[in-house]
Number of protein chains: 2
Amino acid sequence: MPRVVDHESRRRRIAAAVFGLIAEGGLEAATLREAADRAGVSMGAVQRCFATKEQLMLFVHDYLNAQVTARVQTRIDAAPDPGDTVTMLAETLAGILPLDEDSRAESRVWLAFAAQAAVDPALGELQRRSYRELAALFALLVRAAAESGRFRAGLDPDVVAADLVTMTDGLSVQLLVGLHTPDSARVVLDARLDALRA
Amino acid sequence: MPRVVDHESRRRRIAAAVFGLIAEGGLEAATLREAADRAGVSMGAVQRCFATKEQLMLFVHDYLNAQVTARVQTRIDAAPDPGDTVTMLAETLAGILPLDEDSRAESRVWLAFAAQAAVDPALGELQRRSYRELAALFALLVRAAAESGRFRAGLDPDVVAADLVTMTDGLSVQLLVGLHTPDSARVVLDARLDALRA
DNA sequence: TCCTTTCCGATGCGCTTGTATCGAAACCTA
DNA sequence: TAGGTTTCGATACAAGCGCATCGGAAAGGA
């Protein structure tokens, strides 16, 4: 059993390379050769880690989700009150939005996948699942905040969660295209949260 | 001056073909050969009408805007009270959203261009201009509705217009991905309009 | 009628793509 | 140390791409 290498870390390295390529040039810029170059490996290595390009792209989609999740967790941990449900909700929302260069790159990749998901059933199903998880998280936090009295009573957590997902998508597009600035987006976000508070 | 043909109508025919290709398979499916086939012309004709593929894509972007505008105008004309500002606003919003198969196709193409615009400055500028026009129209209608007493006084038309643009983008994405249904999207839209009424 | 001018359809070219292939190198076991 | 197994790097290949080329067809003026 010779020449054993850490496949998983190499897969992540390649995924990170593809992520960068998509962030800079869209899905069309994601070619196996460029990915191999950027990851510092040969094409043969890429082909050994991923049987087809489609599998690679699905892995990159998961990699994107992991990146966003990690960013959000970091934000929450750095907040003054990491255990507070409203803090968690606010930091999650702010962490998803493209408010700095890193999150802009993530959002560009997200948008590229969203466009592809609209014409690719398999990717669409994957994305639908991701959205459902996000909405469930939002609903969980909203319900907890309402029960603890931090949010108004009588809110429908699922409806509010869906609204928040819709808002983040809209704001992300507007931030990327440049019609919203990070400052103006924060105003919208804060206003939305204020409207929920008791 | 022989062999004179109607260039403009041929350009629209080709644009319509590319539009269909993008709606079905994303930007990657938009190739000159497929476009020529679908439009029922030869590649030579396509090359005569558009010097490069980039010019063709920019034309398709304008074609998309024209399609949406025409749909919205049709909706307004068919409404019971075409002259009412609130009616115009409501029909414009509903016309933009992917609520039926035709508008879903338009929204898929819009999303494909939005993703490309995030990594292509020229297309980004074009899209920014389109968004500004839309926001200006919304602001105009909101201001008129507020002055005529149909909407609450004290609304900032520009802020409301930006919010409406953001909402339509978010709803469009959620409708395309399948987390919102046409019915649930209409509920959100109606609620947003109700919140503006006096 | 013929000629000039415009147009178009077909074909070719250079390039890039994803994937397949394969000899060589690397490593663990015996 | 020898052997066998796994991995990798380079290369080959077919397909598809945008774009360039060009001979002939079409149409109005002389």
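First the proteins, then the strands, lettered A, B, ... as listed; each starts at 1.
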N/O (side chain, R10(A)) to phosphate O (OP1/OP2, dT7(D)) under 4.0 Å: no
Atom pair distance, as rounded to whole Å: CD in E28(A) and P in dG16(D): 18 Å
Charged N to carboxylate O under 4.0 angstrom, R197(A) versus D194(A)? yes
Could you tell me how far apart K53(A) (NZ) and dT19(C) (C1') are, to the nearest whole angstrom? 12 Å
With a non-hydrogen cut-off below 4.0 angstrom, is L32(A) in contact with a base, only sugar-phosphate, or nothing? base
Does NZ or CZ of R11(A) fall inside the cone over F59(A)'s six-membered ring, less than 6.0 Å from its centre and within 45° of the axis? yes
Would you say CD of E125(B) has more than 12 non-hydrogen atoms from neighbouring residues, nucleotides or ligands within 6.0 angstrom? yes
Taking atom C1' of dT7(D) as reference, at what distance in whole Å does atom CZ of R11(A) sit? 15 Å
Checking side-chain contact (heavy atoms from CB on, under 4.5 Å) between E91(A) and each of L89(A), T87(A), L93(A), which is the one that passes? T87(A)
When you check the gap from the basic side-chain N to the acidic O, do E147(B) and R152(B) get nearer than 4.0 Å? no
Please state how far atom CE in M43(B) lies from atom P in dG12(C), giving the value in whole angstrom units. 14 Å
Over all strands shown, is A30(B) touching base, sugar-phosphate only, or nothing at heavy-atom distances under 4.0 angstrom? sugar-phosphate
Taking the side chain of Q47(B) as its heavy atoms from C-beta onward, which of dC17(D), dT19(C), dC19(D) lies nearest to it? dC19(D)
In this structure, how many angstroms lie between the P atom of dA20(C) and the CZ atom of F50(A), rounded? 16 Å
Quick one: L27(A) CG to dT17(C) C1', roughly how many Å, whole number? 15 Å
Whole-Å distance, L21(B) CG to dG16(D) C1', equals 15 Å
Closest listed nucleotide, where the reference is the side chain of S42(A) and the choices are dT17(C), dA10(C), dG9(D): dG9(D)
Ranking dT21(C), dC8(D), dC8(C) by distance to the side chain of R48(B), first place goes to dC8(C)
Once hydrogens and angles are ignored, does a donor-acceptor distance under 3.5 Å link the base of dG16(D) to the side chain of R33(B)? no
What's the CD-C1' distance between E54(B) and dG18(D), to the nearest Å? 13 Å
